[in-house]
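Down below is the structure, laid out as structure tokens.
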There are 2 protein chains.
Amino acid sequence: MPGTKIFRFLAVIVTIVDLRDLQDKIRSFVKVSEADMQFALQFYKRKDIKKGTFLLQPGQYIDQFYFVKEGCVSYYTEDDGIPQVIEFFTEGYFFTDLYAYIQEVPSNTYLEAMEDTVIYAVSKTDVEQIFDHSHQLERFGRLSMQKAFINNVQRIHQIKNLSNQERYIQLQEKRPSLFQRVPQYLIASYLGLTPVGLSKIRRRLSKHYD
Amino acid sequence: MPGTKIFRFLAVIVTIVDLRDLQDKIRSFVKVSEADMQFALQFYKRKDIKKGTFLLQPGQYIDQFYFVKEGCVSYYTEDDGIPQVIEFFTEGYFFTDLYAYIQEVPSNTYLEAMEDTVIYAVSKTDVEQIFDHSHQLERFGRLSMQKAFINNVQRIHQIKNLSNQERYIQLQEKRPSLFQRVPQYLIASYLGLTPVGLSKIRRRLSKHYD
DNA sequence: TGGATTTATTAAACTAGTTTAATAAAGAAT
DNA sequence: ATTCTTTATTAAACTAGTTTAATAAATCCA
């Protein structure tokens, strides 16, 4: 059955090509032997998520760690029915609801695809296998967590020391594509204000350039 | 010289007793063999810091990682001459200016002892030796960074979703001793408001209990 | 394509903070 | 103990946001 053979062959190629992003990401942090890299990659499963799909909702457990190949996932809680956005995960981000993942308790957050999204998923037990198997990959885990930590320290500093207007401008500069991908009221929430407040800021800024 | 002998003996005891806090902290994250633990501990140096001393000032490089045995260190930037407190490090905290430490660039932050403080210090090259030497200690590094990351995610969520008054009350509940150890205007800064603003909140709350 | 729904803007009244400045209280140093 | 300096409170005017509600614009989808 030559048809079957070709199909399998193509499937293998697709898998290798697809995981290139993930490999590059890992190698940007540490040197990893080809054997260790292949050991890790075997556990990752590709998932295609349609826009509007929830990877996680309040009350659910989560034992998966994700990597965004393509697309955008919003991470938020809901207070009095109003979404409070913690982060937007886009290409190259690792993510999960880390608190629920680590504590193994039900989450109180949402993970929702903002557009058709492709992610690689790996389970907690497989992550542990990977880290047990390779000291270098454990180091990658430490360094990527360190980087995420620093990002948050800087974010805290920005929230405290910049005005909402300044943070809006900065977000436009650093992640301009977000404004095409995500409704404005979620960006308002991410910046820590109401849709009305963000609209005022936008008007103020546009008038400035008249 | 029996006097000398006794002195040395006591010195050894003191060192072992002193590092107990650090060992306990590490063992709360991972199992470590006695040999690996001793390998790590040999690199730590105790430092006694007088109140008001700066461990770090803007423009300086930092290649030390610290652990607070006793005391309190504030971590802040200065904008227009006004301190902007990022964190207060008290007993059991690991700290450094992680950004400057990792990037090996001059810091733009202060690390200042708020009271007479005892810390254990280890250099970056020694940290790297420790992690190279032991996979388990590398894991400790990953897990402690992970915990710090989660704390910051929760802090971001609080800053965004709680009022200043709510965050003031929460700080009183979670870290009551801070109010004895640190001047109020620095706590105001930590909470993201002015001394005047914090004073108003305190008055509002005290009136509430009349 | 038209109708329904979601999203963004505007207005108006309000509020929790700000800034500046003066005063009071507390702490440190000789 | 007295002075000097730092820290905390209060008042008053102001501001950048809020809430609610109405309207306009954009998007979805059958």
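For clarity, every value in this text was computed on a predicted model and none was experimentally measured. Residue numbers begin at 1 in each chain, while the letters A, B, ... track the order of the sequences.
- OP1 or OP2 of C:dG17 has at least one side-chain nitrogen or oxygen of B:R204 nearer than 4.0 Å.
- Rounded to an integer number of Å, the gap from CG of B:N161 to C1' of D:dT18 is 15 Å.
- Along DNA chain D, the nucleotide closest to B:Q184 and the one closest to B:K200 are compared, and the more 5′ of them pairs with B:Q184.
- At the phosphate of D:dG17, OP1 or OP2 sits under 4.0 Å from a side-chain N or O atom of A:N164.
- Below 30°, between 30° and 60°, or above 60°: for A:Y110 and A:Y76 the angle between ring planes is below 30°, a parallel geometry.
- Per the geometry, CG belonging to B:L198 stands 15 Å off P belonging to D:dT7, to the nearest Å.
- In this structure, a donor-acceptor pair under 3.5 Å is absent between the side chains of B:R181 and B:T90.
- For the pair A:D80 CG and D:dT19 P, the interatomic distance rounds to 10 Å; values are reported in whole Å.
- Residue B:L193 is in sugar-phosphate contact alone, with no base atom involved, counting any heavy-atom pair closer than 4.0 Å across all strands shown.
- When distances run from any side-chain atom of B:T194 to the nucleotides C:dA8, C:dT10, C:dT18, the shortest one goes to C:dT18.
- For the residue pair A:N152/A:R155, the side-chain donor-acceptor check at 3.5 Å is not satisfied.
- To the nearest angstrom, P of D:dA16 lies 12 Å from CG of A:L205.
- In this structure, the nucleotide among C:dA8, C:dA21, D:dT7 sitting nearest to the side chain of A:P183 is C:dA8.
- In this entry the distance linking OH of A:Y185 with P of D:dA24 reads 23 Å, nearest Å.
- Remark: B:S199 is not in phosphate contact with D:dA8, judged by side-chain N or O atoms under 4.0 Å from OP1 or OP2.
- Spacing between atom CD1 of B:I82 and atom C1' of C:dT18 amounts to 11 Å, rounded to whole angstrom units.
- The CD1-C1' distance, from A:I201 to D:dG17, rounds to 8 Å in whole Å.
- Between B:F65 and B:F94, the angle of the ring planes goes over 60°, which puts this pair in the perpendicular group of the 30/60° scheme.
- B:Q84 and B:Y190 are not linked by any side-chain donor-acceptor pair at a separation below 3.5 angstrom, with hydrogens and angles left out of the test.
- Contact between the side-chain N/O atoms of A:R203 and the OP1/OP2 oxygens of C:dT9 is not found at any separation under 4.0 Å.
- As rounded to whole Å, 16 Å separates atom C1' of C:dT18 from atom CG of B:L191.
- Residue A:R202 places no side-chain N or O under 4.0 Å from the OP1 or OP2 atom of C:dA8.
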